[in-house]
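Only one structure is covered here, and it is reproduced in the block below.
Proteins come first, then strands; the chains are lettered A, B, ... in the order of their sequence lines, and each starts at number 1.
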2 protein chains.
Amino acid sequence: MKRPTIADIAGRAGVSRSAVSFALNDQPGVSEETRQRVLAVASELGWRPHSAARALRGGRAGAIGLALQRPARLLGAEPFTMELISGLESELSARSCGLNLQVVEDTEAEIATYRRWWAEHRVDGVIVLNLRDDDPRVGVLEDLHLPAVVIGGPAGTGTLPSIWSQDASGMTDVIEYLAALGHRRLAHVSGDPNMRHIVDRADALREVCRLRGLPEPLTVRADYSDEDSAQATRRLLAAPDRPTAIIYHTDLTAVTGLEVALEMGLSVPDELSLVAFNDSRLCRLVNPKLTALAHDIPGRGAQAARMLFAAIEGGPGADSQPAEPYRLLPRGSTGVYRTR
Amino acid sequence: MKRPTIADIAGRAGVSRSAVSFALNDQPGVSEETRQRVLAVASELGWRPHSAARALRGGRAGAIGLALQRPARLLGAEPFTMELISGLESELSARSCGLNLQVVEDTEAEIATYRRWWAEHRVDGVIVLNLRDDDPRVGVLEDLHLPAVVIGGPAGTGTLPSIWSQDASGMTDVIEYLAALGHRRLAHVSGDPNMRHIVDRADALREVCRLRGLPEPLTVRADYSDEDSAQATRRLLAAPDRPTAIIYHTDLTAVTGLEVALEMGLSVPDELSLVAFNDSRLCRLVNPKLTALAHDIPGRGAQAARMLFAAIEGGPGADSQPAEPYRLLPRGSTGVYRTR
DNA sequence: GACGGCCGTGAAGCGCCCGACCATCGCCGA
DNA sequence: TCGGCGATGGTCGGGCGCTTCACGGCCGTC
C-alpha cells in the first residue's frame with residue numbers, strides 16, 4: 001500500500017499540484033468547481049497530509065509535548081497524570097494534534113528533552129508540570145521561544161502563561177472547616193518544599209492558624225512512597241501533644257496515613273480527622289472514606305491545551321488564569337472533635 | 001534562536017553538505033580526520049537532525065504510537081497504563097524514540113488513528129492493547145504493513161508478534177492455592193468477555209474446578225466502575241450458597257468488593273477470601289491487604305518496545321513470546337476456610 | 001597508461017506550500 | 001476598434017533539511 005501524495009491527486013484531477021494544494025487548504029486561487037473535484041479525488045484516494053513534509057515546509061509539527069518527571073513506580077499509583085492527559089487529549093484530538101510523551105529522570109533531563117524537541121521540530125509547544133522555585137525550565141523555554149503553558153504558579157512563570165490552582169484558598173477552606181468542627185491542633189504532611197504549590201499551602205496553613213489563634217501547626221514531609229507516608233503519620237501521632245486533624249498533600253499519602261492511624265488503634269474520625277488534597281477514587285475505596293479537596297483535573301488539562309494552542313498561534317487567550325477553586329468534599333474521615 | 005542545519009556545519013567545517021551527512025551518520029566516504037572535524041563543529045553548534053526532514057526523506061518517523069481506548073475517569077484509576085508506558089519509555093528513550101499517545105473512544109476510532117498515523121508518517125509502529133476476539137485491528141495493521149506488537153494473545157494476533165500473559169496458568173495457581181486453604185465454592189468477578197485474556201481465565205477456572213471436582217464456579221461480570229463492582233460482589237454474596245472465595249479480574253474491582261464484603265458484615269478472610277488479578281499499590285493500601293496475582297508491567301512494556309523495534313527493523317527478535325508468569329502474592333485477604 | 005580505491009562534491013528528490021508568473025476574459029476609455 | 005487594465009483561475013518552480021546516487025579528481029599499482 002502506497003500513501004497517495006498531492007501529485008497523485010493532481011494527476012487524477014487533471015490540474016497542477018499547486019491547484020490541489022490551494023484546494024485542500026481552502027486557499028483562494030481555484031474555482032469552486034475545481035476545488036470540489038480535487039476534494040472528491042482526495043477523499044477517494046484517502047489522502048492525508050504527510051506530517052513530516054508539512055513540518056519541514058516550516059509549518060507546525062502537529063504535536064505537543066509532555067515530559068513526566070516521575071519514577072516508574074509512582075506514575076502508576078498517581079491518578080493525576082492520566083487524568084490530565086485525558087483532559088489534554090480531549091482538546092488535542094479535536095484539532096487532530098498529537099501528544100508526545102516522555103518520561104524523564106530529573107529536571108536536567110527534562111530540559112534536555114525540551115531542547116531536543118525544539119531542535120528536532122518535534123513539538124509545537126509543551127505543558128510544564130510541577131513548577132518549582134526558580135525553576136530553570138522557564139528560562140530555557142523562554143530562550144528557545146518554545147510555546148509553553150505552566151500548570152502551577154502564578155508566581156515564577158516568567159513570561160509563560162500559566163494555570164494555577166488556588167492552593168492557599170483551598171487550605172484556608174480546610175482549616176475553617178476543621179476549626180468549625182472543633183479542631184485546634186492541626187498537622188500537615190507536606191510534599192517537596194521546592195514545589196511552588198506545596199509552599200503556598202504551608203504558608204497559608206501557618207498564616208490562617210496564626211490569624212485564628214490556633215497553635216502553630218506541626219509539619220512533616222513525606223514523598224509519595226508507602227514507607228515515607230507511614231513514617232510521617234507515625235511521627236505526628238507519637239508527638240506529645242498529638243494533633244487531632246491531619247492534612248495530607250496527596251490522596252495516596254492520606255490513605256497510607258489512615259492505615260497507620262487505624263493500626264495505632266485510633267478511631268477515625270472520633271479521635272483523629274484526616275483530609276487529603278487531591279481527590280480520587282482511592283479516597284472512596286477506603287473505610288472510612290476520606291474527606292478530600294477535589295479538583296477537575298481533566299478540565300484543567302483541557303484548559304491548558306486551549307491556552308497552549310492560543311500561545312502557539314500567537315493570538316489572544318494565552319493569559320495566565322486560575323483553575324477553578326478546590327471543592328471540599330467532606331466524607332467519613334472528618335468529624336467533630338470532642339475534648340476528652 | 002535559529003536551529004543549525006547541515007549546511008551551517010558544512011560552511012564552518014569547509015566541506016560539502018554530503019560530507020557532513022556522511023560524517024554524522026557514520027557512513028564511509030569521508031576521512032577520519034574530516035569526520036572528527038565535522039563532529040566537533042556539529043556538537044559546538046548543538047546540531048540535531050531535523051526529525052521532519054529525516055522522516056520526509058523516507059527514513060523513520062522516530063516515534064511509536066499507543067492508542068488508549070479508555071474513558072477518562074478510568075485511565076486515572078488504573079495503574080496498568082502508566083506502568084506500561086514507563087516501561088516502554090525506558091527502552092524508547094535509550095534510542096531517543098518518541099512516544100505518541102492518543103486517547104480514543106472505541107475500536108473504530110482506534111483504527112482511524114492507526115490509518116492516520118500511517119498516512120501522516122507519524123509513527124514507525126504501534127503497541128496494541130487488550131486484544132479481543134476477531135479483533136479488527138489486527139487485519140488493518142497487517143494491511144497497512146504498520147509494524148505492531150500486540151499485548152495479548154497468543155491466539156488471534158494473525159501475523160503480528162505478541163507478548164501474552166499466561167492467564168490460564170495464573171488462574172490455576174489461584175485455584176490450587178484456594179483449594180489448599182479448604183475453599184470449594186469459588187466465584188469469579190470477570191471483565192469484558194470480548195477480551196481474549198478474560199475468556200482464557202474464565203475457561204481455566206471452569207476447567208480446573210471440573211478437574212478437581214469442585215462445584216461449578218459462579219461468575220458475574222463487572223466493568224471498572226465503582227457501582228458495577230460493588231453490585232457484582234453484592235450479587236455473589238447474596239446467593240443462596242454463598243461462595244467462600246472470590247477472584248476478581250482487577251485490583252480496582254477487588255478493592256471495591258472488599259469494601260462491600262466488610263459492609264455486609266463478613267469477616268475477611270475468616271468468612272470470605274478475596275484474590276485480585278493485577279497487583280498494585282492499591283492492594284496494599286486496604287485492610288486487610290489483598291492477595292494478588294502480580295505482573296511486572298513495566299518489564300512487559302520494555303519487552304514490547306524491544307520487540308517492536310525488532311519488527312520495525314525487520315530483523316529477528318520479533319517473535320511472539322509469553323510474558324513472565326503471574327506471581328501469586330498471598331496477603332491478608334485470603335485464609336483457611338473453616339466449615340462452620 | 002588503464003584501473004581501482006579513496007575522499008569528496010553536485011544534484012536530485014522526498015511531499016508540501018507559496019511567491020512569481022501567465023493566460024484569458026470582460027470592461028473601459030481613447 | 002483597439003489597447004490597457006484588473007480580476008480570475010490556474011501553472012511553474014524553488015526550497016524547507018536531509019540522504020544518497022552518480023560522478024570526478026587524485027593517488028598508487030600492475
Atom CG of B:L56 and atom P of D:dG17 are separated, to the nearest Å, by 12 Å
| Is any side-chain N or O of B:R57 under 3.5 Å from a base N or O of C:dC14, one able to act as donor and the other as acceptor? | no
query: Closer than 4.0 Å, any side-chain N/O of B:S31 to the OP1 or OP2 of C:dC6?
result: no
Side-chain heavy atoms of B:L84 within contact of B:I297, under 4.5 Å
yes
Verify the contact: side-chain N or O of A:N25 to OP1 or OP2 of C:dC16, cut-off strictly under 4.0 Å; return yes or no. no
Regarding B:S18, tell me which of base, sugar-phosphate or nothing describes its non-hydrogen contacts under 4.0 Å with the strands shown. base
Scanning both residues in full, the closest heavy-atom pair of A:L88 with A:G301 reads CD2-O, 3.3 Å
Hits for salt bridge (charged side-chain N to carboxylate O under 4.0 Å, His left out) against B:R37, two or more places apart or cross-chain, chain-then-number order -> none
Rounded to whole Å, CD1 of B:I6 lies from C1' of D:dC16 at a distance of 13 Å
Taken to the nearest whole Å, CZ/B:R60 to P/D:dC18 is 18 Å
Exactly one of B:L99, B:I64, B:V150 clears side-chain contact (heavy atoms from CB on, under 4.5 Å) with B:I127, and that residue is B:I64
When B:Q27 and B:A52 are each assigned the nearest nucleotide of DNA chain D, the 5'-most assignment goes to B:A52
Taken to the nearest whole Å, NE2/A:H50 to P/D:dC16 is 18 Å
Below 4.0 angstrom from OP1 or OP2 of C:dG8, is there any side-chain N or O of B:T34?
-> yes
Practice item. May I ask you to verify if any side-chain N or O of B:T5 is less than 4.0 angstrom from the OP1 or OP2 atom of D:dG17? Key: no
In whole angstroms, the gap separating P of C:dC6 from CD of B:E32 amounts to 14 Å
Taken to the nearest whole Å, CZ/A:F22 to P/C:dC18 is 8 Å
All heavy atoms of B:E142 vs all of B:T159, minimum pair found to be OE2-N, 2.6 Å
Assert: residue with more 5' nearest nucleotide on DNA chain D, out of B:P49 and A:S16, is A:S16
Give one of base, sugar-phosphate or nothing for B:P28, where a contact means two heavy atoms less than 4.0 Å apart.
nothing
In whole angstroms, the gap separating P of D:dG9 from CZ of A:R17 amounts to 22 Å
Whole-Å distance, A:W118 CH2 to D:dG17 P, equals 12 Å
